Amino acid sequence: MDVAEILSQCGLFASLDAAAIAQLGSVCSVVPVAGGERLFTAGGAADCLYIVASGRLRALRADGSVAGDISRLEPIGEISVMTDEPRSGEVYALRDSLLLRIERNALLAFVERHPSALLAITRVLIQRLRRNLNANVRRQPPSRPALAIMPAGPSVPIDGFLERVDAALRRHGETPERLDARRVDAALGPGVAQSPLSGGAGNERLIQWLAEREHGGQRLLYVGNPAGDAWSERCLRQADRVLIVADPTIRPVHSPLPQILRRMLLRTPVELVMLREGPTPLSTLRDWSANCDLDSHHHLHPLRAGDHDRLARLLSGRALGLVLGGGGARGFAHIGLIRALEEMGRPVDLIGGTSMGAFFGGLLACGADSRELRRIADETFVRQNYLNDFVLPRVSLIRGRRFGSRLRAIFGEQMIEELPLSYFCVSSNLTRGVTMTHRQGPLSLWVGASMAVPGVAPPVVWNGDLLADGAIINSLPTDIMRAEGRGPIIASDVSTDGALSLPGVEGPDPEALLKQARSGPGLRLADILFRSATLTSEGGTKARAAMADLYLRMPVSGIGLFDWKRLDELIERGYRQAQRALEGFASRIDRHDDEDG
């Protein structure tokens with residue numbers, strides 16, 4: 001390893017001359033850190049500074065939230081070293097990494113002789129402190145995250161899968177480099193791929209060779225072996241993301257991977273790729289999730305190019321996420337947005353929604369297009385109006401049984417985790433005052449919970465808690481979609497500018513609303529209940545809107561919560577609004593993809 005070259009490229013010391021770099025290099029030591037290993041914890045002594053020579057680490061704040069990822073040539077722990085204060089958080093290795101370590105006393109002695117180094121360190125300190133003050137700064141994923149692709153068993157057609165993923169990544173402007181045991185042995189000598197991870201000359205040569213591959217800027221595909229050998233464990237420790245590739249016939253008990261993952265205690269995201277031509281038994285999915293602590297899973301037809309293209313977008317941070325907000329009949333505008341996306345040929349890869357957005361998002365995740373969405377909306381809310389089973393209002397205005405039956409007729413027995421597209425919906429836990437995110441379980445049940453406006457429909461009781469309309473706490477769950485880190489987000493907001501009012505009445509008049517109700521259409525109980533329930537959520541709309549790459553405030557003013565008969569008008573409003581916004585948005589993300597590629 002060329003220590004001087006690394007120091008000269010690091011922002012802390014890039015302004016120093018060659019003699020100063022050489023002097024600093026003489027007090028550096030090289031420290032290997034295994035993937036998943038903790039470098040230091042909050043409260044620890046600030047006795048040294050690190051610089052990443054290769055690999056990637058993650059910093060956590062004292063409260064456990066992610067402060068950011070630390071990549072090659074970036075410093076670690078410089079703030080606490082210079083302020084002589086205990087470590088403010090935890091840092092651990094996301095993958096096998098090599099660090100340069102500089103003891104604090106040696107660094108202080110060096111900056112006394114080279115004040116320009118102190119100035120550079122101070123500049124970096126200020127930049128880091130500014131970022132730390134803004135907790136809402138988006139944490140960008142690595143531009144080329146390395147992938148470990150692990151066949152769950154010998155029957156998995158891994159070569160065909162790799163060929164299709166490789167082709168899909170290349171269609172998105174990438175040039176992936178495949179690294180397997182044969183490639184390593186051909187480059188470094190027979191048996192080097194199986195070098196023990198504990199150390200030795202072979203291990204050091206391999207780490208250095210892999211670091212050189214990483215510096216080439218290409219996406220690395222580490223391909224493991226079904227048997228789970230030393231090379232396979234190295235693949236797991238080198239990766240930013242792990243893909244377990246399986247088919248419906250393979251259960252976790254038949255694979256060594258669950259045991260290896262438990263033993264290694266990796267903190268790397270683990271995802272399941274299920275190659276299937278038909279339905280996957282739900283028990284198989286849940287078995288894998290329970291045994292491997294999956295972060296997500298993907299369903300792929302082994303021969304369908306579109307499925308592999310979607311996976312490539314998800315893995316490369318180019319996936320399009322769609323977030324649909326709640327707002328009763330105003331949610332019909334979402335159909336116009338979906339129609340506009342279809343006409344542009346922009347496939348949606350991830351979907352999240354609340355209330356009416358959960359309903360249309362669920363249909364989209366099932367494979368419905370905008371025409372089918374319009375047909376189902378017309379039948380459900382206009383022609384039949386399944387929300388009219390009124391009861392004596394002890395708990396709610398409607399029983400909700402008729403609408404629940406309609407949801408089951410639409411979605412059948414479909415489970416969220418079996419959907420071809422990644423989907424979530426949110427409900428509000430009235431018992432605990434928190435948002436509930438639903439990523440598995442009966443689709444019809446959780447869509448119904450997300451749409452249950454308090455006072456209008458009865459809450460869903462789950463484990464003793466009361467779950468109601470998601471818009472109460474989170475009317476536009478872009479924060480949940482942003483945490484996925486998969487790519488750009490379009491958010492469709494169908495809430496109104498808000499305030500309920502009765503123009504022309506000076507008051508105070510306690511009976512003004514009762515008088516207008518007798519004289520004709522006006523504010524209804526449901527409008528008042530919905531507005532009251534969502535006041536808290538609307539207060540956070542601005543922050544959630546900022547998390548979207550394209551925020552669409554749909555033109556739905558003057559539309560009531562139950563104005564079902566304005567279906568086609570609302571679709572057209574949403575379509576026109578989306579058409580204007582999507583053209584510029586598409587060109588922006590295309591330019592970004594070209595630059596990134």
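Bear in mind the structure is a predicted one, so any value in this text is a computation, not a measurement.
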- side chain to side chain donor-acceptor pair (under 3.5 Å) between Arg276 and Thr284, intermediate numbers included: CA-CA 12 Å; Arg276 65 176 196 177; Thr284 301; over 6 Å; no
- All ring-ring contact (aromatic ring centres under 6.0 Å, His included) counterparts of Phe359, not counting sequence neighbours: Phe381
Sidechain-backbone polar pair: [X] side chain, [Y] backbone, donor-acceptor under 3.5 Å:
X	Y	result
Arg72	Ala53	yes
Ser355	Gly326	no
Ser8	Ala4	yes
Gln577	Arg553	yes
Arg573	Met554	no
Glu74	Ser71	yes
Ser97	Arg95	yes
Thr268	Leu94	yes

- Item | Pairs flagged by salt bridge (charged side-chain N to carboxylate O under 4.0 Å, His left out) wherever residues 296-312 is involved - sequence neighbours left out | Arg171-Asp309, Arg304-Asp307, Arg310-Asp349
- Here the side-chain hydrogen bond (donor to acceptor under 3.5 Å, both in side chains) pairs for residues 179-189, sequence neighbours left out, are Glu177-Arg183
Between [Y] and [X], do the side chains contain a donor N or O and an acceptor N or O under 3.5 Å apart?
X	Y	value
Asn203	Arg234	yes
His172	Ser316	no
Gln579	Glu583	no
Arg486	Ser296	yes

- Message: Please enumerate all residues that pass side chain to side chain donor-acceptor pair (under 3.5 Å) together with Ser370, with sequence neighbours excluded.
- Response: Glu342
- Message: Holding to side chain to side chain donor-acceptor pair (under 3.5 Å), I want the full list of residues that pass it with Asp229, two or more places apart in sequence or in another chain.
- Response: Gln194, Asn225, Ser232
Can you find a heavy atom in the side chain of [X] that is under 4.5 Å from one in the side chain of [Y]?
X	Y	answer
Ile351	Leu419	no
Arg286	Glu417	yes
Ile489	Met547	no
Tyr50	Leu39	yes

Partner residues of [X] under the salt bridge (Lys or Arg N to Asp or Glu O under 4.0 Å) criterion, sequence neighbours left out:
X	answer
Arg339	Glu343, Glu572
Arg205	none
Arg374	Asp378, Asp568

- Message: Rounded to the nearest 0.5 Å, what separates atom CG in Leu311 from atom CG in Leu169?
- Response: 8.0 Å
- Query: Taking all atoms of both residues into account, what is the closest heavy-atom pair of Pro269 and Asp240, and its distance?
  - Reply: CD-O, 3.3 Å
- Identify whether the distance between the nearest side-chain nitrogen and carboxylate oxygen of Arg178 and Glu163 falls below 4.0 Å. no
- Query: Should Arg408 and Glu413 count as an ion pair when the cut-off is N to O under 4.0 Å?
  - Reply: no
- For Glu212, look at atom CD and say whether over 12 heavy atoms of other residues, nucleotides or ligands are found less than 6.0 Å away. yes
- Is there any ring-ring contact (aromatic ring centres under 6.0 Å, His included) pair reaching into residues 246-297, and which pairs are they, with sequence neighbours excluded? His297-His299
- Item | Qualifying residues under side chain to side chain contact (heavy atoms under 4.5 Å, CB included), relative to Ala34, sequence neighbours excluded | Glu37, Asp96, Arg237
- Are Arg375 and Asp369 close enough, and set up right, to give a salt bridge (Lys or Arg N to Asp or Glu O under 4.0 Å), and what steps lead you there? CA-CA 10 Å; Arg375 184 193 67 77; Asp369 60 13; over 6 Å; no
Result block: side-chain N/O donor-acceptor pairs under 3.5 angstrom for residues 241-248, not counting sequence neighbours:
from: Arg241; atom 1: NH1; to: Glu271; atom 2: OE2; distance (Å): 2.3
from: Asp247; atom 1: OD1; to: Thr249; atom 2: N; distance (Å): 2.8
from: Asp247; atom 1: OD1; to: Thr249; atom 2: OG1; distance (Å): 2.4
from: Asp247; atom 1: OD1; to: Ile250; atom 2: N; distance (Å): 3.4

Under 3.5 Å donor-acceptor pairs involving side-chain atoms of residues 438-445, not counting sequence neighbours:
from: His438; atom 1: NE2; to: Ser427; atom 2: OG; distance (Å): 2.7
from: Arg439; atom 1: NH1; to: Glu484; atom 2: OE2; distance (Å): 2.7
from: Arg439; atom 1: NH2; to: Glu484; atom 2: OE2; distance (Å): 3.2

